[in-house]
Amino acid sequence: MHRKERGKWIVRILYPDCPGEPYYTLTSPTFDRAEIDTERGTLVIEKHGEGYIDRMTLGDKPLKNYRILHDELLKGGKLTFELKNKR
């Protein structure tokens, strides 16, 4: 998969809540793993399982809602999605 194609898939899980606001809404990834190089580090996105989001973590920190700050993404690290078939 070419870099531009990967970028299209990344956009499908990270999109701005409101233009001009520093928040993104997170949705279930369609891929198992992706890496994004930012100005401050590499963000690794991993998906485990299939279905609905059961749990998300950024590094060791659990995410309690489906929003994340732009600055948190730029720092890099590992964004992990644990998915389940049933809610």
Between Lys84 and Tyr52, is a side chain to side chain contact (heavy atoms under 4.5 Å, CB included) present by the stated rule, with each step listed?
-> CA-CA 5 Å; Lys84 286 173 50 173; Tyr52 297 99; 5.8 Å; no

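- For Arg40, the side chain to side chain contact (heavy atoms under 4.5 Å, CB included) partners are Thr38, Asp71, Leu74, Lys75, not counting sequence neighbours.
- For Glu82, the side chain to side chain contact (heavy atoms under 4.5 Å, CB included) partners at least two apart in sequence or on another chain are His48, Arg55, Thr80.
- With hydrophobic clusters built from ILVMFWY side chains whose heavy atoms lie under 4.5 angstrom apart, Tyr24 does not share a cluster with Val44.
- Ser28 and Gly51 make their closest contact through OG-O, 3.6 Å (heavy atoms, listed as atom of the first residue, atom of the second, distance).
- Residues that satisfy the side chain to side chain contact (heavy atoms under 4.5 Å, CB included) test with Leu69, not counting sequence neighbours, are Pro22, Tyr23, Glu72.
- Here the CG-CD1 distance, from Leu63 to Ile68, works out to 5.5 Å after rounding to the nearest 0.5 Å.
- In this structure, the separation between OG1 on Thr42 and CD1 on Ile36 is 10.0 Å, given to the nearest 0.5 Å.
- Summarising the geometry, atom CD1 belonging to Ile53 is positioned 6.5 Å from atom OG1 belonging to Thr27; distances are rounded to the nearest 0.5 Å.
- Atoms CD1 and CG, on Ile45 and Leu26 in that order, are 8.5 Å from each other to the nearest 0.5 Å.
- A 6.0 Å sphere centred on CG of Asp60 holds no more than 12 heavy atoms belonging to other residues, nucleotides or ligands.
- Atom OH in Tyr66 sits 11.0 Å away from atom OG1 in Thr25 (nearest 0.5 Å).
- Distance check, rounded to the nearest 0.5 Å: OG1 of Thr57 to CZ of Phe81 gives 9.0 Å.
- Residue pairs meeting the salt bridge (Lys or Arg N to Asp or Glu O under 4.0 Å) criterion with at least one member in residues 24-33, sequence neighbours excluded, are Asp32-Lys47, Arg33-Glu35, Arg33-Glu46.
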